[in-house]
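Every chain is numbered from 1 and lettered A, B, ... according to where its sequence line falls, protein lines coming before strand lines. Basis for what follows: all heavy atoms, side chains included, without hydrogens, waters or symmetry-related copies.
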Amino acid sequence: MDQILSLATTNLLSPIILCFVLGVLAALARSDLSFPEAVAKGMSIYLLFAIGFKGGVSVADHGIDLTLGLSLLAGIVLSALLPFIAFFLLQTMTGLSRLDAAAVAAHYGSISIVTFVAATSVLEGSGIAAEGYMVAVAAAMEAPAILSALWLISRGAGDGDDRRMDSTLMREIMLNGSIVLLVGAFMIGGITGAEGLAKIDSFIVSPFQGVLCLFLLDMGLVAGRGLREEGAVLRPGPLAFGVLMPLVGSAFGLGAGLLLGLSTGGVALFMVLSASASYIAVPAAMRVALPEANPSIYLTLSLGVTFPFNLTLGIPLYVAIASALTGG
Amino acid sequence: MDQILSLATTNLLSPIILCFVLGVLAALARSDLSFPEAVAKGMSIYLLFAIGFKGGVSVADHGIDLTLGLSLLAGIVLSALLPFIAFFLLQTMTGLSRLDAAAVAAHYGSISIVTFVAATSVLEGSGIAAEGYMVAVAAAMEAPAILSALWLISRGAGDGDDRRMDSTLMREIMLNGSIVLLVGAFMIGGITGAEGLAKIDSFIVSPFQGVLCLFLLDMGLVAGRGLREEGAVLRPGPLAFGVLMPLVGSAFGLGAGLLLGLSTGGVALFMVLSASASYIAVPAAMRVALPEANPSIYLTLSLGVTFPFNLTLGIPLYVAIASALTGG
Amino acid sequence: MDQILSLATTNLLSPIILCFVLGVLAALARSDLSFPEAVAKGMSIYLLFAIGFKGGVSVADHGIDLTLGLSLLAGIVLSALLPFIAFFLLQTMTGLSRLDAAAVAAHYGSISIVTFVAATSVLEGSGIAAEGYMVAVAAAMEAPAILSALWLISRGAGDGDDRRMDSTLMREIMLNGSIVLLVGAFMIGGITGAEGLAKIDSFIVSPFQGVLCLFLLDMGLVAGRGLREEGAVLRPGPLAFGVLMPLVGSAFGLGAGLLLGLSTGGVALFMVLSASASYIAVPAAMRVALPEANPSIYLTLSLGVTFPFNLTLGIPLYVAIASALTGG
Amino acid sequence: MQTHKAKRVEITIEAVMQSRLTEALKKAEVSGYTVLPVLGGSGRSGEWSRSGQVSRAQGMVQVVCIIRPERLDDLLESAFEVVERYIGMVCVTDCDVLRAERF
Amino acid sequence: MQTHKAKRVEITIEAVMQSRLTEALKKAEVSGYTVLPVLGGSGRSGEWSRSGQVSRAQGMVQVVCIIRPERLDDLLESAFEVVERYIGMVCVTDCDVLRAERF
Amino acid sequence: MQTHKAKRVEITIEAVMQSRLTEALKKAEVSGYTVLPVLGGSGRSGEWSRSGQVSRAQGMVQVVCIIRPERLDDLLESAFEVVERYIGMVCVTDCDVLRAERF
Ligand SMILES: Nc1ncnc2c1ncn2[C@@H]1O[C@H](COP(=O)(O)O)[C@@H](O)[C@H]1O
Ligand SMILES: Nc1ncnc2c1ncn2[C@@H]1O[C@H](COP(=O)(O)O)[C@@H](O)[C@H]1O
Ligand SMILES: Nc1ncnc2c1ncn2[C@@H]1O[C@H](COP(=O)(O)O)[C@@H](O)[C@H]1O
Ligand code: NA
Ligand code: NA
Ligand code: NA
C-alpha cells in the first residue's frame, strides 16, 4: 500500500503528468493554447519510432524469448476477448444502445500506445526492467478488438447488414500508420541492435522524456477540450464504466502476464495494455464501419476518462500490483 | 565602454544573431526560404516551455525570494505605465493618428519573449546569473499594456465607443497560449525542481541554443519580409521612435531593477523586458479591439525595427549597464 | 572488393537505410503512414542547416584551402556538363522525347543533398575525413544543370520559344530556399567556427543521425508511393539509364576529385554529388520552364530509381573506389 | 437525384475573429458551417501569406455556411455585425443541396 | 473569353471516407477532383476543430469536382452511396469553365 | 441586406505558378484575391497528395478572386496567359457580395 502511494505520488508529481494536467486545465479554462496538427503528428511519429526501436534493440540484446510468441498470442486473445466483457458491462451498467456499446467495447479491447509509453517511462524511473517485445504485443493488440466489436453488431443485426467490414477497411486497420511504424521500428531495432542504437540514441533516448512531456500537454489539451464540449454525454453509468473497465482489463492482463511468467515490468505492461483504451486507430475504424455510433461517447470515455485515470492512478497501481505478485 | 564593445561583438558574431541576419537578408533578396507555420509554432512552444520550466526550477532551487512578489508588481506597473510614455513620444515625434499611436504604444508596454530568451542566453554565455522568476515577470508584463492603450483611446473617443474591451477579449488576452504555456511550465518547473529538470534536461537544456538559432532565422525571414513589403510606412519619425523607445523603456527597467535590489542578471532582464515590444499577443488583441489601427505600422516598428535593434545592440548595452551599475 | 562488400553490408544494415526501406515497403503495401508536409519540411531545414554549419566550421578549422575555389569551379563545370552526357545517353538508350530527355538530364546534372548527407554519415561512420567545403560545392552544383537543359531545348526549338528562362525563374533557382539555407549556414559556421559549434552541437551534431533516419523514412514513403503510382512509366530503357547514369556521373566526379587532389572523403563526395540526381530544386524549375515535360518520368527516375540505388549500393561503391584510388 | 435550392455563404475573415463570427452564426441559428484555412491573400490592406507570420494577427480563414434561401437575410445581418469594422469579405452563391432536411 | 457551362460539386466529408469517395468518383468517370483541407466546423453532430484531434477520426476534407452538366446525376448518385450513412454535405453550383475539353 | 452582383473566379494551379498568377491578377487590376491550400487531387496528369511530396513541384493552390462582372473578361485573359501551358483549372461562378465598394 505504501509502495502504491509513493509510486502514485512520484507519478503524479512527475513533469509528464503535470504537463497533462496543465493541458487539461488550459482547455477547461478555454485558453487558445494549441499544438498545430502537424507538430502533434510529428511528435507521435517520434514516440512510436523511438519506443519501437528501443523494444527491438532490447529483443536483439536479450535474444528471442520462447515466451515472445506466446505473449503475442495472449495479446491477440485478450484484445479479442475484452470487448465482450466490456460489452456485457456496458449493457449492465449503462443505457447505451447496442451500437454505441459495441463501438465503446472495441476501444477497450484495443490499446493506447501513449499510456504504454508513459508506463515504460514510469518503469524506467523505478528501475524495473521489462521484456522489449511488449512493444510488439502492443501492436498485436490494436486490431483484434475491432473485429470482435463488429461481430457483436453483425450478430445483433440479423440481416445482410454484416458486411460492414470490407477488405479495404481490413487493410486500413492492419496497415494503419501507427502499427506499421511501431512494428517497422521494432524490426529495425532488432536488426541493428545495440550498435544501431548507439548511432541514434542521442535522438531517441535522451530527449524522449521531454518530447513525451510536450505530447502529453497536447493530449491534455485535447482531452480537456473534449470534456468541456462533450462531457455532458457522460451520464454516471458510462462514467463508472470508464473507471471500472480498466481495472477489469488490468486483471485479465495480470492473469496473462503471470501465466506467461513474464518479468515484473512485463506483467505491469500487460496490465497497462489491457487496461488502456484506444483513441486513434479504433475511432477511425468505427467512423467507417459503424458511422451511426456516436463518436462523442467513445472518444470522451476513452480519452477523457480512461486515459487520465490510467495515466495518473492506474499505472502506479498496476506497477505496484505487478511488483507485489511477481516479487519484483 | 570596452566591455560594451566586446559584448556587442561577441553577440553580433554569435550563431543566434547571424541566423537572424541570414533570415533578414534572405527575405530582402526575395528568396523563397520559409518555415512552415506549424514548425514555427512548434519551435515557439518548445522555447516557451523550456524557458518557463527552467525559470521554475531555478525558483525551486533558490527558494521564493521576498522580492518575487515585488518584481511581479513592478512588472505590471511598468507594463501599464510605458504605453503612456510611448504614446506621448509618438504624439511628439511622429504624425501618427491617436489610434495608431495608441496601438503602437500597447506594443511597447508589453514584451517580446524571444528578446527575453535571447538575453538569457547572452547572460548564460557571459556567466551572469539572474533570478529565475524573471520569467514570471515577463508573463505578468504581457497584458497590462493593452488595457492602458485601450484606456487611452476610450478617453479620446468621448462617446459610448469605449466598449472595445469586452470580457471575451479580456479572457483571450489573459489566457492566450503563450502566457498559459510560460506560466504553466514555470509552475511545473517549480513543483518538480531539479529532479524534474534532470529527467528532461537533454530535451530542454542541451538543444535549446540550436532551436533558438532556427527560430531566429525564421524571425529574420518574417521581419525581413515585413520590411520589404511594408517598410515604406516607416517615415523618419516612427523609425526614430523604434530605436529611442527601447532605450527609454530600458531606463525605467533599470530603475525598477535597482530599486528592487535584483542581481546583475535580473536588472539586465528587467531592462530587456521594458525595452522590448510585443509582436504576438498585442497585435492579435489590437486587430480585435482597434481594427481601424494600421497593422503595418505597429508590426513593422515592433518586429522590423525594435526587435532587431534590441537583439543586436540593445541586449549587450543593457547587460553592460546593468553590470556596471550593480558592480556585477 | 571485400571492402566494398563489407561497406555495402554495413551500409545496408544501418538504421538509416533500413528506415528508407521501411518507408518504401509501407508505401508499396498502401499503408496510410505519412509525415505531415510541415514536419518533412522542418526536418529538411534542420538537415540543411546542420550540414551547412558543420561544413563551415570545418573550413574555419582547417583554413581556406587553395583548392576550395577550384573545387567550386569544378562543381559548376560538372553540373553544366553532365546534362549533355545524360541527354546523349537518354537519346541513345530510351525513346523519350527531346523535351522529356532534357528535363531528365537537368536532374542528373544537379544534385541530391540527402544523398550527400547520407554519404557524409557513411564517411563519418568509417572514420574518413572530407573537406568541409564540399557542402559549398554541393550548393554550387544545384543550378547550372538547369541552364544546360534549357539550352538543349531552346537549341532544338529553333524559334522564338527560347525565352523559357526569364529573370524571375533565374532568381527563384539561384535563391531557392535550400541553396540559401545551405550556403547561409555554411557561412555562419565559417564565421563562428568551433566556438559557435560548441554552443549548438547538442542540437546539430548529436541528434543528426536520428533525424536523418526519420527523414529517410519519409523519403522512402514518397519514393514508394511514386513507384506504386507512376512506376508504370518506367520502361526498361529509362530504368537502365537510372542505374547507369549515376555510375557515369560518379566517374566524372572521380576524375575531378583526383585532379583537384582532394582527400579520400572529398573524392568520394565529389563522386556522390555527380552521381546523384535532384528531386527538389530541379523538378520545381522544370514545372515552370518546361511544363510540357512529363513530371512522372523525371520524378520517378530520380527519386524512385537513382536515389535508392545511390543510397544502398552507390555510396559504398564510391567510397570504396575513392579509398582504393587515393590510398585512403 | 432530388436536390433543393439553398444559399452558399462564404465569409473570408481574420482568424482572430473566427470565434466571434461562428458565435454570431449560431445565434442566427444556422444548422452548421465549415471552416477552411487560407494560405494568403491580397486586398486593400495589402498582401500577406501564412509563412510570413509570427502570430495569428494577420492570418485569415474562410467560413462557409449553407442555408435555406429564406434564412439568408438573418444570417447576413448577423455576420455583417461581426465583419463590419474588420477586413474581410462576404460572398453568396446559389446552390443545390442533397438532404435538405439537414439545413 | 469562351467559357462553357459546368457544375461544381463540393462534397464535405470525413477524412476517413476520402479514399472511398474518390474511388466512387473515379467509377463515375469524373475527369478529376481537388481535395481541400478543412480546419473545423459545426453541424448536427457538434463542433470540431483540427487542433482538437488526436486522430483523423473527426477531421473532414472538402472534395471539389467540376463536371459537365449532363454527368451531374451519375456523379451525385455515386457520391450519395458513399455519403449516405455518414455525416457530410453535398452542394452543387452552376459554373463556367475555360478549356471545356478537359472535363 | 443590400448585395451586389459579382463573379467568383476560382483558379486551381500549381504552387510553383502562384506568384506568376497573382502578378498577372494584379496587372489585371483586381482588387484582391485569396489563396487556399490544396491537399491533393486528380486529373489528366494523374493523382497527387500533399503528403506524397518532397518538393513543391506537384503541389497546387487555389486562388479565389471576386470581381465586378464587367471586369471578368480582362481577368480571364490575364489568368489564361499564365494558366495556358500549365495544368490547372479555371471556374467562374455568379455571386452576390456585400460592400461592393471594395471590389
Ligand atoms: N476581390 C477579392 N477577391 C478575393 N479575396 C479578396 C478580395 N479582396 C479581398 N480579399 C481577401 O480579403 C482579405 C482582406 O482584404 P482587404 O479587406 O481588402 O484588405 C485579403 O487578404 C484577401 O484574402
Ligand atoms: N449548413 C452547413 N453549412 C456548411 N457546412 C456544414 C453545414 N452543416 C454541416 N456542415 C459541415 O459538415 C460537418 C458535419 O455536419 P453534420 O453532419 O451536420 O454534423 C460539419 O462539421 C461541417 O463541417
Ligand atoms: N474535373 C475537375 N474537378 C476538380 N478539380 C480538377 C478537375 N480536373 C482537374 N482538377 C484539378 O487540377 C489538377 C490538375 O489537373 P490536370 O491538369 O487534369 O492533371 C488536379 O490535380 C486537380 O486538383
Ligand atoms: Na485494452
Ligand atoms: Na516593453
Ligand atoms: Na549529379
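Heavy-atom distances place the side chain of C:Leu214, and not its backbone, under 4.5 Å from chain A. For chain A, no part of C:Leu25 is nearby; none of its heavy atoms comes within less than 4.5 Å. Looking at A:Ala185, only its backbone comes within 4.5 Å of chain C, counting heavy atoms on both sides.
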N/O donor to acceptor pairs below 3.5 angstrom from side-chain atoms of residues 189-207 of chain A, sequence neighbours left out:
{"from": "A:Thr192", "atom 1": "OG1", "to": "A:Ile188", "atom 2": "O", "distance (Å)": "3.0"}
{"from": "A:Ser202", "atom 1": "OG", "to": "C:Ser206", "atom 2": "O", "distance (Å)": "2.7"}

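At a threshold of 4.5 Å between non-hydrogen side-chain atoms, the residues C:Pro36 and A:Ile45 count as touching.
The backbone N or O of A:Gly177 sits less than 3.5 Å from a side-chain atom of C:Asp32, completing a donor-acceptor pair.
Counting heavy-atom neighbours within 6.0 Å of A:Ile64 CD1, excluding the residue itself, gives a total of 12 or less.
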For this session: List the steps, then state whether side-chain contact (heavy atoms from CB on, under 4.5 Å) holds for C:Cys213 with A:Phe53.
Result: CA-CA 11 Å; C:Cys213 280; A:Phe53 196 97; over 6 Å; no
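In terms of heavy-atom pairs under 4.5 Å with chain A, the best-connected choice from C:Ile16, C:Leu212, C:Leu22 is C:Leu22. Your options are C:Cys19, C:Ala26, C:Gly125, and the one with the most heavy-atom pairs under 4.5 Å with chain A is C:Cys19.
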